[in-house]
Engineer: 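What follows is a structure written as structure tokens; I'll ask about it next.
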Amino acid sequence: MRKAVSLLMAATMTLGLAACGSSASTGSESSAATSTSSASSEASAEAATAAEGQSYTVGICQLVQHDALDAATQGFKDALTEKLGDSVQFEEQNASGDTANCSTIINGFVSSGVDLILANATAPLQAAAQATSDIPVLGTSVTDYATALDISDWSGTVGGNVSGTSDLAPLDQQAAMIQELFPDAKAVGLLYCSAEANSVYQCDVIEGYLTDAGYTVTRYAFTDTNDVTSVAQSAADASDVIYIPTDNTAASNTEAIANVVLPAKVPVVAGEEGICKGCGVATLSISYYDLGYQTGTMAYQILAEGADISTMPVEYAPNVTKKYNVANCEALGITPPEGYEAISE
């Protein structure tokens, strides 16, 4: 980066000298203008060449391996590779669901001086925001940045060195989906990980919509992988329908949840496709690949075009789709109404 800036400054100085020399030797304003235009073009070309010759290292910290986060990471890498080719290299690490690992990974990126950090999920974003105020940080698969970063006066822009994309699908529409699919249900259980701030946020919001719709809503929070099964059993015993938000711990334990809810004949409406594919019947989902790709485009703007990350608003997925799990719907005798798309195997 410093090399590119130095070349640009040198080109600018050359531009000024060329303009003065032309004016003195000819005394003609038109000649000076011609010479200035030529020098300006040469400076622009030299700066572009310097930018093209720049190589970038991007650190990627992904919280845990599961379909949604994997797709976001792949979309991000594909976008940058398409735009920068061999000029970009990735240092990709997975925290295996451990918040402490996120801090270790991010601190390693800071020490090695990467050009940009992708924080895939809330815990990596929080670790990156704490670790550096200089390196650009883009989040993805983060539901609510105000909650994640404890911002009280949220305006859509984080500011500083942080921005990114949100995986929040409209919660009012998710509540409406529960009404559409299960109009006779009375009790809705909210199943989520209490350690994930954005899961708590989603449950806070959707509980209001469901309560207004006349449902009795009860929360069932697990703390980590160890108590997912027991808490899911409690939820299944007392609920007509279970709602699971976009929750990374739940996404990593869908088999355990399915082993509880399917025998109990309790349907799960999920906040994203990966969870629905594992243990749910329906979801209002975004494309995490597209979300990651969108984040990669933002990274390109920062790295190659000089965009100011402090002014870049958090972006959202442009489309949401109603989807259903064919096998689970058949197992529970549920026929989705028109407008639902089957989740591909």
Engineer: Do Ser310 and Asp308 pass the side-chain hydrogen bond (donor to acceptor under 3.5 Å, both in side chains) test, and can you show the C-alpha distance, the side-chain angles, and the key distance before you say yes or no?
Structural biologist: CA-CA 5 Å; Ser310 69; Asp308 182 359; 2.7 Å; yes

Engineer: Give me each pair satisfying salt bridge (charged side-chain N to carboxylate O under 4.0 Å, His left out) with a member in residues 61-85, each pair once, sequence neighbours excluded.
Structural biologist: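 Found Lys77-Glu92.
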
Engineer: Could you state whether Val142 and Leu168 fall into the same hydrophobic cluster, counting links through intermediate Ile, Leu, Val, Met, Phe, Trp or Tyr residues with side-chain heavy atoms under 4.5 angstrom apart?
Structural biologist: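 Looking at the clustering, Leu168 is in a separate group from Val142.
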
Engineer: For the atom pair CG (Leu262) and SG (Cys279), what is the distance rounded to the nearest 0.5 Å?
Structural biologist: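 Interatomic distance, Leu262 CG to Cys279 SG, rounded to 0.5 Å: 8.0 Å.
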
Engineer: Nearest 0.5 Å, what's the OH-CG distance between Tyr220 and Leu191?
Structural biologist: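 The CG atom of Leu191 is 10.0 Å from OH of Tyr220, to the nearest 0.5 Å.
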
Engineer: Can you tell me how far the CG atom of Leu190 sits from the OG1 atom of Thr218, to the nearest 0.5 Å?
Structural biologist: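 Going from CG on Leu190 over to OG1 on Thr218, the span is 8.0 Å.
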
Engineer: Please give me the minimum heavy-atom distance between Gln173 and Val320, naming the atom from each residue.
Structural biologist: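 Gln173 and Val320 have their closest heavy atoms at OE1-CG2, 4.2 Å.
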
Engineer: Any chance the side chains of Tyr288 and Glu272 put a donor and an acceptor closer than 3.5 Å?
Structural biologist: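 No, no side-chain donor-acceptor pair sits under 3.5 Å.
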
Engineer: Does the side-chain hydrogen bond (donor to acceptor under 3.5 Å, both in side chains) test come out yes or no for Gln202 and Thr246, once each step is laid out?
Structural biologist: CA-CA 8 Å; Gln202 290 171 82; Thr246 55; 2.8 Å; yes

Engineer: For the pair Asp144 (side chain) and Asn198 (backbone), establish whether a donor and an acceptor sit closer than 3.5 Å, ignoring hydrogens and angles.
Structural biologist: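 Not confirmed, Asp144 side chain does not pair with Asn198 backbone.
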
Engineer: Provide the closest heavy-atom pair for Pro170 versus Leu284 in the form atom of the first, atom of the second, distance.
Structural biologist: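 Smallest interatomic distance, heavy atoms only, reads O-CD2, 3.9 Å.
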
Engineer: With clusters defined by side-chain heavy atoms of hydrophobic residues (ILVMFWY) lying less than 4.5 Å apart, directly or transitively, does Met298 cluster with Val314?
Structural biologist: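 Different clusters.
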
Engineer: Would a single hydrophobic cluster contain both Tyr316 and Val158, if residues Ile, Leu, Val, Met, Phe, Trp and Tyr are joined by side-chain heavy-atom contacts under 4.5 Å?
Structural biologist: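 Cluster IDs for Val158 and Tyr316 match.
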
Engineer: Do any N or O atoms from the side chain of Asp247 and from the backbone of Ala250 form a donor-acceptor pair under 3.5 angstrom?
Structural biologist: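 Checking the backbone N and O of Ala250 against the side chain of Asp247, a donor-acceptor pair under 3.5 Å is found.
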
Engineer: Look at the side chain of Thr254 and the backbone N and O of Gly278, then say whether any donor-acceptor pair between them is shorter than 3.5 Å.
Structural biologist: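 Side chain of Thr254 to backbone of Gly278, a donor-acceptor pair under 3.5 Å: no, none is there.
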
Engineer: Should the heavy atoms of other residues, nucleotides or ligands under 6.0 Å from CD of Glu305 be counted, would the total exceed 12?
Structural biologist: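 Buried by this count: over 12 neighbours within 6.0 Å.
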
Engineer: Using atom types as modelled and distance alone, determine if a side-chain donor or acceptor of Ser287 lies under 3.5 Å from a backbone N or O of Asp290.
Structural biologist: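 Yes, because the side chain of Ser287 sits within donor-acceptor range (under 3.5 Å) of the backbone of Asp290.
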
Engineer: Tell me whether Tyr324 is reachable from Ile257 by hopping between hydrophobic residues (I, L, V, M, F, W, Y) whose side-chain heavy atoms are closer than 4.5 Å.
Structural biologist: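 Cluster IDs for Ile257 and Tyr324 match.
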
Engineer: Quick one: do Val188 and Phe182 satisfy side chain to side chain contact (heavy atoms under 4.5 Å, CB included)? Show the steps, please.
Structural biologist: CA-CA 10 Å; Val188 178; Phe182 309 106; over 6 Å; no

Engineer: Spell out, as yes or no, whether a donor-acceptor pair under 3.5 Å connects the side chain of Thr132 to the backbone of Ala128.
Structural biologist: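 No, Thr132 side chain to Ala128 backbone: no donor-acceptor pair under 3.5 Å.
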
Engineer: Treating Asp240 as the side-chain partner and Lys186 as the backbone partner, does any N or O pair qualify as donor plus acceptor under 3.5 Å?
Structural biologist: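 Yes, because the side chain of Asp240 sits within donor-acceptor range (under 3.5 Å) of the backbone of Lys186.
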
Engineer: What's the shortest heavy-atom distance between Val281 and Cys276, and which atoms?
Structural biologist: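 Closest approach of Val281 to Cys276: C-SG, 3.7 Å.
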
Engineer: Using atom types as modelled and distance alone, determine if a side-chain donor or acceptor of Glu196 lies under 3.5 Å from a backbone N or O of Asn248.
Structural biologist: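 Side chain of Glu196 to backbone of Asn248, a donor-acceptor pair under 3.5 Å: yes, one is there.
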
Engineer: Can you give me every donor-acceptor pair (side chain of residues 331-344, partner residue at least two apart or in another chain, under 3.5 Å) with its distance?
Structural biologist:
{"from": "Tyr340", "atom 1": "OH", "to": "Glu180", "atom 2": "OE1", "distance (Å)": "2.6"}

Engineer: I'd like to know if the side chain of Gln65 reaches the main chain of Asn94, judged simply by a donor and an acceptor atom lying under 3.5 Å from each other, with no hydrogens or angles considered.
Structural biologist: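 Between the backbone of Asn94 and the side chain of Gln65 there is no qualifying donor-acceptor contact (under 3.5 Å).
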
Engineer: So does Lys277 get a backbone contact from the side chain of Asn325, meaning a donor-acceptor N/O pair under 3.5 Å?
Structural biologist: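 Answer holds: yes.
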
Engineer: Counting only heavy atoms not in Gln233, do more than 12 sit closer than 6.0 Å to its CD atom?
Structural biologist: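 Atom CD in Gln233 is crowded, with more than 12 foreign heavy atoms closer than 6.0 Å.
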
Engineer: Between Ile106 and Leu125, is there a shared hydrophobic cluster once you connect ILVMFWY residues whose side-chain heavy atoms come closer than 4.5 Å?
Structural biologist: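 Looking at the clustering, Leu125 is in the same group as Ile106.
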
Engineer: How long is the span from the CZ atom in Phe109 to the CD1 atom in Ile135, to the nearest 0.5 Å?
Structural biologist: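 Going from CZ on Phe109 over to CD1 on Ile135, the span is 10.0 Å.
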
Engineer: Would you check, one step at a time, whether the test side-chain hydrogen bond (donor to acceptor under 3.5 Å, both in side chains) holds for Ser141 with Asn120?
Structural biologist: CA-CA 6 Å; Ser141 312; Asn120 191 349; 2.9 Å; yes

Engineer: So, does Asn101 use its side chain to make a donor-acceptor pair with the main chain of Ala95 at under 3.5 Å?
Structural biologist: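 Such a contact is found between Asn101 side chain and Ala95 backbone.
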
Engineer: How many angstroms lie between atom OH of Tyr145 and atom OG1 of Thr147, to the nearest 0.5 angstrom?
Structural biologist: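 Rounded to the nearest 0.5 Å, the OH-OG1 separation comes to 12.5 Å.
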
Engineer: Specify the closest pair of heavy atoms between Leu149 and Ala129, including all atoms of both residues, with the distance to one decimal.
Structural biologist: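 Reported closest heavy-atom pair: CD2-CB, 3.9 Å.
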
Engineer: Looking at every heavy atom in both Gly271 and Thr283, which two are closest together, and how far apart are they?
Structural biologist: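 Residues Gly271 and Thr283, closest heavy atoms: C-OG1, 3.6 Å.
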
Engineer: For Thr157 and Pro313, work out which heavy atoms get closest and say how close.
Structural biologist: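 Distance-wise, the nearest heavy atoms are OG1-CA, 3.6 Å.
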
Engineer: Nearest 0.5 Å, what's the CD1-CG distance between Ile178 and Leu210?
Structural biologist: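 Rounded to the nearest 0.5 Å, the CD1-CG separation comes to 5.0 Å.
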
Engineer: Taking side-chain contact (heavy atoms from CB on, under 4.5 Å) as the test, write out the residues that go with Gln294, two or more places apart.
Structural biologist: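 Gln294 satisfies side-chain contact (heavy atoms from CB on, under 4.5 Å) with Thr165, Leu291, Glu315, Pro318 only.
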
Engineer: So do the side chains of Ser163 and Ile302 get within less than 4.5 Å of each other, counting heavy atoms only?
Structural biologist: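 Ser163 does not reach Ile302 side chain to side chain.
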
